2 protein chains.
Amino acid sequence: MKGIRILVAEDEDKLREIVLKYLKKEGYDGFGAADGEEALDLWAEKQPDCIILDVTMPKMDGFEVLEEIRETDNVPVIMLTARREEEDKIQGFEVGADDYVTKPFSPRELMVRIKALLKRSGVATTENKLDVCGMMLNSDERQMTINNENISLTQKEFEILSYFINHQKLVLTREQILDRVWGYDYEGDMRVVDTTIKRLRKKMGEKGECIQTVRGMGYKFKE
Amino acid sequence: MKGIRILVAEDEDKLREIVLKYLKKEGYDGFGAADGEEALDLWAEKQPDCIILDVTMPKMDGFEVLEEIRETDNVPVIMLTARREEEDKIQGFEVGADDYVTKPFSPRELMVRIKALLKRSGVATTENKLDVCGMMLNSDERQMTINNENISLTQKEFEILSYFINHQKLVLTREQILDRVWGYDYEGDMRVVDTTIKRLRKKMGEKGECIQTVRGMGYKFKE
DNA sequence: TTGTTTATGTCATTTATGTGTCAGCTTTGA
DNA sequence: TCAAAGCTGACACATAAATGACATAAACAA
């Protein structure tokens, strides 16, 4: 699954890192630029899905950057301004900013704005419905539906199933599943995967057979 | 359901588009005019439920437009003025504006004002009665009715329940609920959500089961 | 004001449940 | 037939959520 890429152009290292940390935590693929020129370079290179743009930056300020971007790209942009400078706000909207956040802001507020903006701009956060072999996985509702029956899933079950469905027919090793669902820093027993899959299969009833064991390798999902 | 029609008369294209975009997102049926005359034409043609009117516009300024409208129509009007010009404000209210927003403004702020004005003017913002699973939520009275019994709700309880009912089946995280009901600048403990839901469930009696806990995620509402 | 009620937030405790571990059992394939 | 790999049920534990009790804050009345 390709992540949502977000460019953070902000010259204060501290602040930029905080924002990036939060983005990561929210599951976005964030990267930072320390000045206007770097921001433009990264924009061109990575084609982000959203840009957080500080107004005051070395080399090029936020408005200049935005102006140049807007010549060819309609990517959603949130501008950051240091004080409640009314004029900045006007200028920002004129140049084509989509939203405005005044410093100081709470990271959470920024995350909310980002989420709202992405939604508004039609950037899909993730596929939220998957329909496979008479089974539906709905991530908004965190449940699967088999034969019109809703079956609720726990976190791990949901994530494993979702991983399988997004990589159908591929053999996934326990290690891959562990990394993906439990995270790279998981220290425990690899057999959790077995156990979780056992429980998942049980919940899936006869559809549990879609999760096939590949002896010596791992598992694969197939109708 | 017939949408609420809102006319946006604003000569700056960019700003007008932003406002329209926000309106659409909020579920309104918005349309724009780029100058005073066009505004009058559209007003006559569409008979909007609310008008956003910029003061400075080509051909006819906002005051002239409003004056003409007010001869026959009492539609709620919000005026936009570029700077904090008190005189504008006075003149605007004299001519019959209902509210005033000074540029620059955040689209969000404008939306809040619109909602407030519509409410004040008796234009239904949304359905004010919701009927779900034998339960009725009445937003005018801030109460719910279960089995012909009226149960009054507190502010927070009401807002949470209303949020749930408007997003049935979706899993809502504590964070989402917090942002929506308490505002994203709320700094307190996230566990308020738990407590408020506890109280709400209690009031709902056996219908309290409609609010389901999704462990590790949040809550969802479902019959 | 002052007192009273109500709403809301905080916190420590209890309760529930998801998850991890493990030992024994079953299946698989050479 | 016999390892090796996978499955399973049982149990323990950590974590998340529910709850009750208390502390403020806001609303209201006298």
Side-chain angles (χ1 to χ4, degrees), chain A residues 142-144 151-164 171-222, chain B residues 141-144 150-164 171-222:
Chain A
R142 278 267 139 153
Q143 66 178 18
M144 62 179 171
I151 298 158
S152 61
L153 299 170
T154 69
Q155 294 272 307
K156 299 282 188 256
E157 287 163 4
F158 181 86
E159 281 173 38
I160 283 195
L161 183 54
S162 155
Y163 186 28
F164 273 130
V171 175
L172 304 172
T173 65
R174 284 183 180 69
E175 207 159 298
Q176 284 176 309
I177 296 170
L178 217 51
D179 287 344
R180 166 80 173 225
V181 176
W182 277 261
Y184 294 97
D185 48 356
Y186 180 75
E187 293 291 337
D189 193 338
M190 182 162 288
R191 291 290 148 184
V192 237
V193 178
D194 296 51
T195 304
T196 310
I197 284 183
K198 173 195 63 179
R199 288 165 180 153
L200 185 53
R201 277 175 170 156
K202 199 172 178 185
K203 283 196 182 179
M204 290 168 72
E206 58 181 21
K207 295 284 182 193
E209 289 165 23
C210 292
I211 300 175
Q212 300 172 356
T213 307
V214 181
R215 206 181 155 80
M217 289 289 294
Y219 299 91
K220 71 173 167 180
F221 187 92
K222 208 177 163 192
Chain B
E141 322 231 345
R142 281 270 135 127
Q143 66 179 18
M144 63 180 170
N150 291 329
I151 298 159
S152 60
L153 297 171
T154 70
Q155 192 87 3
K156 299 281 187 255
E157 287 163 3
F158 180 85
E159 281 175 35
I160 283 194
L161 184 54
S162 148
Y163 186 27
F164 273 130
V171 175
L172 304 172
T173 64
R174 285 186 178 66
E175 206 159 298
Q176 284 177 307
I177 296 170
L178 215 52
D179 288 339
R180 167 82 171 225
V181 176
W182 277 262
Y184 50 70
D185 49 355
Y186 180 76
E187 292 293 337
D189 194 338
M190 183 162 288
R191 293 289 147 187
V192 233
V193 178
D194 295 51
T195 304
T196 310
I197 284 184
K198 173 193 63 178
R199 288 166 181 152
L200 184 54
R201 276 176 171 157
K202 200 171 177 185
K203 284 193 183 180
M204 290 167 73
E206 59 180 21
K207 294 282 182 195
E209 287 165 25
C210 292
I211 300 174
Q212 299 173 353
T213 307
V214 181
R215 194 159 221 270
M217 287 291 296
Y219 298 92
K220 72 173 164 181
F221 187 93
K222 210 174 162 195

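Bear in mind that the values here come from a model prediction, so they are computed numbers and not experimental data. Just so it is clear: chains get the letters A, B, ... in the order the sequence lines come, proteins before strands, and each one is counted from 1. Side-chain atoms are counted along with the backbone in the values below, which use heavy atoms only and exclude waters and symmetry mates.
Backbone-only engagement by B/Q155 is indicated by non-hydrogen atom pairs under 4.0 Å involving sugar-phosphate atoms exclusively. A/F158 comes within 4.0 angstrom of no nucleic acid atom, judged by non-hydrogen atoms across all strands.
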Give me, pair by pair, the N or O atoms of the protein and of nucleotides 12-17 of chain D that are less than 3.5 Å apart, along with how far apart they are.
unit_1, atom_1, unit_2, atom_2, d
D/dT15, O2, B/R215, NH2, 3.4
D/dA16, O4', B/R215, NH2, 3.4
D/dA16, N3, B/R215, NH2, 3.1
D/dA17, OP1, B/R174, NH1, 3.3
D/dA17, OP1, B/G216, N, 3.1
D/dA17, OP2, B/R174, NH1, 3.3
D/dA17, OP2, B/R191, NH2, 3.4
D/dA17, O5', B/R174, NH2, 3.4

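In this structure, B/W182 does not reach the C/dT8 phosphate: none of its side-chain N or O atoms is under 4.0 Å from OP1 or OP2.
Of all non-hydrogen atoms in B/M190 and B/L178, the two that sit nearest each other are CE-CD2, 3.9 Å. Of all heavy-atom pairs between A/T196 and A/K156, the closest is CG2-CB, 4.0 Å. Across B/Y163 and B/I177, no two heavy atoms sit closer than the pair CE2-CA, 3.9 Å. What you find for B/I211 and B/M204 is that their closest heavy atoms are CD1-SD, 3.8 Å.
Remark: A/T195 OG1 to A/D189 CG distance equals 8.0 Å, nearest 0.5 Å.
Side-chain proximity of B/K198 to the nucleotides D/dT19, C/dT21, C/dG9 is greatest for D/dT19. Taking every side-chain heavy atom of B/V192 into account, C/dG9 is the closest of C/dC22, C/dG9, C/dT19. Of the candidates D/dG20, C/dG18, C/dG20, the closest approach to any side-chain atom of B/T195 belongs to D/dG20.
A side-chain contact (heavy atoms from CB on, under 4.5 Å) with B/V171 is found for exactly one of B/K220, B/Q212, B/Q176, namely B/K220.
Taking atom CD1 of A/I197 as the reference point, atom P of D/dA5 lies 17 Å away to the nearest angstrom. Taking atom NZ on A/K202 and atom P on D/dT8, their separation rounds to 9 Å, with Å as the unit. Atom CZ in B/R199 sits about 14 Å away from atom P in D/dC22, given to the nearest Å. If you measure from atom CG of A/L153 to atom P of C/dT17, you get 16 Å, rounded to the nearest angstrom. The interatomic distance linking B/K156 (NZ) with C/dT10 (P) rounds to 11 Å, in whole Å. Atom CD in B/E157 sits about 9 Å away from atom C1' in C/dA7, given to the nearest Å. As a whole-Å value, the separation of B/M204 CE from D/dA18 P is 14 Å. We find that CG of A/L200 is positioned 12 Å from P of D/dT8, with the value rounded to whole Å.
Counting heavy atoms of neighbouring residues, nucleotides and ligands inside a 6.0 Å radius, atom NZ of B/K222 exceeds 12 of them.
Map B/S152 and B/Y186 each onto its nearest nucleotide of DNA chain C; the residue landing nearer the 5' end is B/S152.
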